[in-house]
Chemist: 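Take a look at the following structure, please.
Chain identifiers are assigned alphabetically (A, B, ...) following the order of the sequence lines, protein sequences preceding nucleic acid strands; residue numbering begins at 1 within each chain.
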There are 2 protein chains.
Amino acid sequence: MNDQTLIPLHTLKVSCSNCSLRELCLPVGLNREELAQLDAVIRQSRRLKRGEFLFRSGENFKSLYAIRTGFFKTCVSSQDGREQVTGFLMSGELMGLDGISSSVHGCDAIALEDSEVCELPFSRMESLGRDIPSLQHHFFRLMSREIVRDQNVMLLLGNMKAEERLAAFLLNLSQRLSSRGFAANDFVLRMSREEIGSFLGLKLETVSRTLSKFQQQGWITVDHKHIQLVLPEQLKELISGCVHANGQ
Amino acid sequence: MNDQTLIPLHTLKVSCSNCSLRELCLPVGLNREELAQLDAVIRQSRRLKRGEFLFRSGENFKSLYAIRTGFFKTCVSSQDGREQVTGFLMSGELMGLDGISSSVHGCDAIALEDSEVCELPFSRMESLGRDIPSLQHHFFRLMSREIVRDQNVMLLLGNMKAEERLAAFLLNLSQRLSSRGFAANDFVLRMSREEIGSFLGLKLETVSRTLSKFQQQGWITVDHKHIQLVLPEQLKELISGCVHANGQ
DNA sequence: CGAGCGGTTGAACAAGATCAAGGTCCGTGG
DNA sequence: CCACGGACCTTGATCTTGTTCAACCGCTCG
């Protein structure tokens with residue numbers, strides 16, 4: 001809050017050069033000069049409150065968004081109101097890739113906590129990619145990684161049973177949090193049981209029951225949204241065989 | 001066959017310039033000169049017999065493959081043998097995009113009938129993209145389209161019930177076939193009931209039963225792999241509400 | 001303080017999986 | 001040519017998992 005009195009937030013120019021996510025986000029592998037070029041393209045960051053939409057399905061697509069801080073869900077929803085959460089995204093991850101194909105966003109992106117994102121105008125990213133091959137290459141890799149991630153979700157939804165889905169979900173969260181420097185085995189869920197269920201193709205009651213079951217077995221502790229993985233090996237054991245290496 | 005006596009097949013250089021899939025495949029929107037450049041990159045086509053692997057999960061990734069003729073499935077499979085079909089691909093469609101992220105193929109691609117593919121060495125595609133912005137742009141769009149497609153499959157696997165999945169599957173096939181000039185309502189399935197089931201997250205018995213049910217209702221006729229859509233509107237009715245516009 | 005959202009838990013129910021039997025088509029070899 | 005074996009499919013009966021419906025709890029926010 002104090003910041004606001006010193007430097008008006010809306011003029012705060014972000015910079016990849018000194019962003020702590022440098023090694024995780026788009027700039028991977030760029031040198032100083034290339035980083036500066038990338039910085040020039042990135043529009044100032046945007047802040048969102050919990051519950052706010054970053055973009056909606058059907059809106060014109062112009063930019064990708066990289067998460068600086070916070071937590072998002074993306075979801076596609078059908079006319080009759082059914083909603084499928086297609087992903088939970090945290091810092092350093094990119095949103096909006098599905099909009100490139102038709103110049104229209106194909107899903108909603110909603111902040112699950114107060115968040116801050118960097119806006120990357122896509123057309124400028126495209127031309128910058130032509131000048132910086134390593135950026136172009138990394139960009140292709142990011143899109144491809146999203147495809148791989150989606151394939152793994154398909155495997156989960158198509159083949160795994162409730163306990164396996166939940167175990168895979170918890171371990172995936174844990175792994176991504178720890179690669180960002182947070183505790184791997186002690187974290188707070190940012191989403192509701194219903195949102196977890198939507199992502200995993202389960203009803204919220206099943207999510208709740210399965211978490212309780214894990215707790216009864218002493219594998220985890222559940223205190224509302226606060227989760228501790230007590231015996232993560234047991235969770236891994238559960239999904240050994242149905243998963244290879246989990247990207248992202 | 002006569003061709004073979006005149007020009008040995010293995011030296012047959014393919015060419016986008018006079019390929020009938022020009023408007024469907026990678027060259028969309030290129031001019032004559034750009035087409036020629038793309039032709040120069042495309043290695044001669046490769047023929048596969050039914051059942052043959054085009055690539056396997058874990059193999060080094062070097063090229064993308066565009067289908068000239070034939071039909072493929074892609075699948076990820078887990079250590080314990082569970083297999084998830086992630087897609088069925090027909091002429092003009094691109095395979096291997098998931099390999100870019102790690103330089104290793106993430107899934108198997110298997111020909112479901114005798115097929116022919118064009119090999120596109122990825123690194124040359126990348127550099128060509130820098131020279132031909134419209135190619136680069138189209139390439140991004142293709143990758144993005146794959147992400148959109150995957151999201152729709154997630155919606156299907158996460159939210160829809162057996163009948164809806166089958167209906168969506170049949171209509172999707174129908175639509176893609178018709179956009180290639182084949183009959184929309186009369187076609188031959190290239191895959192087994194088990195493969196359909198794997199793709200849709202159902203067991204083969206459920207697929208069989210559901211097809212029978214559609215037939216009893218007079219919506220389709222089933223004669224082994226020969227399917228006719230008698231009342232496609234009824235199938236659309238069934239999924240109205242759970243699907244928007246179906247890409248690809 | 002009360003309303004309401006989010007979560008937990010129980011009981012009944014249903015969709016789809018599993019188990020099992022039998023059928024058809026097709027390629028191979030006698 | 002026919003017989004045989006195997007892959008693929010269909011259909012029925014039973015069982016299991018997860019859904020649905022419902023009641024209740026506890027926290028948060030007007």
Chemist: To the nearest Å, how far apart are A:Leu189 CG and C:dG7 C1'?
Modeler: 13 Å
Chemist: Just compare D:dC9, D:dT20, C:dG7 and give me whichever is closest to any side-chain atom of A:Lys203.
Modeler: D:dT20
Chemist: Picking from D:dC9, D:dT19, D:dT20, which would you name as closest to the side chain of A:Leu202?
Modeler: D:dT19
Chemist: For B:Leu202, run the side chain to side chain contact (heavy atoms under 4.5 Å, CB included) check against B:Ile196, B:Leu166, B:Thr210 and tell me which one passes.
Modeler: B:Leu166
Chemist: Can you tell me the distance, in whole Å, between the CG atom of B:Leu204 and the C1' atom of C:dG23?
Modeler: 15 Å
Chemist: Using the side-chain heavy atoms of A:Lys161, tell me which of these nucleotides is nearest: C:dG16, D:dG18, D:dA22.
Modeler: D:dG18
Chemist: For B:Thr206 and A:Ser212, take the nucleotide of DNA chain C holding the closest heavy atom to each; which residue's nucleotide lies nearer the 5' end?
Modeler: A:Ser212
Chemist: Specify the residue among B:Glu163 and A:Met191 whose closest nucleotide of DNA chain C lies further upstream toward the 5′ end.
Modeler: A:Met191
Chemist: Kindly indicate whether the side chain of A:Arg209 and the base of D:dT20 share any N or O donor-acceptor pair separated by less than 3.5 Å?
Modeler: yes
Chemist: Rounded to the nearest 0.5 Å, what's the gap from CZ on A:Phe55 to CG on A:Asn60? Could you check?
Modeler: 13.0 Å
Chemist: Quickly work out the A:Arg190 CZ to C:dG6 P distance and round it to whole Å.
Modeler: 17 Å
Chemist: Can you tell me which residue among B:Leu229, B:Leu231, B:Asn185 is in a side chain to side chain contact (heavy atoms under 4.5 Å, CB included) with B:Ile220?
Modeler: B:Leu229
Chemist: Which of the following nucleotides, D:dT20, C:dG6, D:dC27, is nearest to the side chain of A:Lys225?
Modeler: C:dG6
Chemist: From CZ of A:Arg165 over to P of D:dG18, roughly how many Å is that when rounded to an integer?
Modeler: 7 Å
Chemist: Within this structure, what is the CD1-to-C1' distance between B:Ile196 and D:dC8, rounded to whole angstrom?
Modeler: 12 Å
Chemist: B:Leu48 vs B:Glu116, test: side-chain contact (heavy atoms from CB on, under 4.5 Å). Steps then yes/no.
Modeler: CA-CA 6 Å; B:Leu48 294 100; B:Glu116 190 178 353; over 6 Å; no
Chemist: For the side chain of B:Arg193, counting heavy atoms from C-beta on, which of D:dC27, D:dC9, C:dG16 is nearest?
Modeler: D:dC9
Chemist: For the side chain of A:Ser208, starting at C-beta, report the closest nucleotide among C:dA17, C:dG7, C:dG10.
Modeler: C:dG7
